[in-house]
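Some notes on the structure that comes next.
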Amino acid sequence: MIIVIDGPAGSGKSSTAKAIANRLNIQFLDSGALYRALTYLWLAAGKPDKAEFFENLPETVLQAEYRDQNFFVHLNGEDITENIRTQLVANHVSEIASHSQARDFVNNFMRNLVKNDTYVADGRDLGTAVFPDADLKFYMDASIDERAKRRFKEMKQSNSSVTLEEVKENIKARDHTDQNRKKDPLKKADDAITIDTTGKTFEEQLNEMIAVIEEKLKLKS
Ligand code: C5P
């Protein structure tokens with residue numbers, strides 16, 4: 001079984017998906033982390049020509065695992081879980097994610113990963129392009145100010161120099177690129193349930209979604 005949560009940056013998808021995974025004792029998949037991993041790889045290689053970079057991508061060994069409340073990512077054996085959360089990676093990730101080779105690589109990885117377990121996954125195009133037959137689809141949204149404030153609070157913990165304005169500009173730019181790219185743009189799936197989290201507490205929005213999931217599970221059994 002797979003539950004997907006799509007939505008723009010900072011809408012609370014990852015923290016909600018993690019909380020759902022913990023409550024229901026299922027696996028969590030953070031698709032944004034995988035695009036961040038490819039972006040980190042490209043930056044670490046010195047921003048090579050994209051055609052050359054994507055040509056060598058099949059040689060890359062990507063591993064991901066949800067454990068101890070954290071989504072761990074390993075690239076060619078190196079633990080890059082922390083490295084993918086920098087502002088530099090955030091500034092380039094939408095550019096890398098707009099390339100079809102990056103999307104094919106990440107999508108294949110995700111489709112293989114979810115084969116053997118029950119997952120809740122978060123991203124941009126999961127309900128529309130990657131898992132169109134998902135058992136349950138959510139689309140989370142919130143105002144740009146609220147999303148920027150949340151992401152800022154999160155980033156402040158590891159990067160004290162980042163400003164709220166920088167975070168807000170980055171979110172706006174990423175939303176624009178993600179919504180307007182040719183290949184699998186960020187878009188609500190027709191059959192997704194919209195959850196607007198503006199003004200809601202985390203517990204409220206989580207309980208709302210858990211109730212929908214439990215209802216769905218009851219209908220399935
Ligand atoms: O979720 P997160 O903000 O970490 O995602 C980082 C970036 O990865 C997004 O801004 C988007 O460009 C890309 N992404 C995507 N498709 C997904 C998940 C993330 O294009 N399914």
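First listed ligand is number 1; within each ligand, the first listed atom is number 1.
- The protein heavy atom nearest to atom 13 (C) of ligand 1 is Ala97 CB, 3.8 Å.
- Counting only distance, with no hydrogens or angles, the side chain of Lys137 and the backbone of Gly127 share a donor-acceptor pair below 3.5 Å.
- Under 4.0 Å from ligand 1, the heavy atoms of Arg151 that appear belong solely to its side chain.
- Protein heavy atom closest to atom 6 (C) of ligand 1, with residue, atom name and distance, is Arg174 NH1, 3.3 Å.
- Using a 3.5 Å distance cut-off with no hydrogens or angles, the side chains of Tyr139 and Asp6 do not pair a donor with an acceptor.
- Of all atoms in ligand 1, numbered sequentially from 1 with element shown, those under 4.0 Å from a heavy atom of Ser94 are 10 (O), 12 (O).
- Shown in contact with Arg181 at under 4.0 Å from a heavy atom are these atoms of ligand 1, numbered in order with element: 15 (C), 16 (N), 20 (O).
- With ligand atoms numbered from 1 in the order given, ligand 1 contributes 15 (C), 16 (N), 17 (C), 20 (O) to contacts under 4.0 Å with heavy atoms of Arg103.
- Here CD1 of Ile5 is found 9.0 Å from CG of Leu136. Values are rounded to the nearest 0.5 Å.
- Checking side-chain atoms of Asp135 against main-chain N and O of Ile3 turns up no donor-acceptor pair under 3.5 Å.
- Annotation: Lys188, atom NZ; neighbour count of heavy atoms from other residues, nucleotides and ligands within 6.0 Å is above 12.
- Looking at Arg124, Gln179, Lys13, Lys183, it is Arg124 that brings a heavy atom closest to atom 1 (O) of ligand 1.
- The shortest contact between atom 18 (C) of ligand 1 and any protein heavy atom is with Ser31 OG, 3.2 Å.
- Nearest protein neighbour of atom 12 (O) of ligand 1, counting heavy atoms only, is Asp178 OD1, 2.6 Å.
- Among protein heavy atoms, the minimum distance from atom 21 (N) of ligand 1 is reached at Asp125 OD1, 2.8 Å.
- With sequence neighbours left out, Glu214 forms a salt bridge (Lys or Arg N to Asp or Glu O under 4.0 Å) with no residue at all.
- Heavy atoms from other residues, nucleotides or ligands lying under 6.0 Å from CG of Asn112 number more than 12.
- For atom 4 (O) of ligand 1, the closest non-hydrogen atom on the protein side is Arg36 NE, 2.7 Å.
- Each of Ser15, Ser11, Ser14 was scored for a side chain to side chain donor-acceptor pair (under 3.5 Å) with Asp122, with one residue passing: Ser14.
- Closest protein heavy atom to atom 14 (N) of ligand 1: Tyr35 CD1, 3.6 Å.
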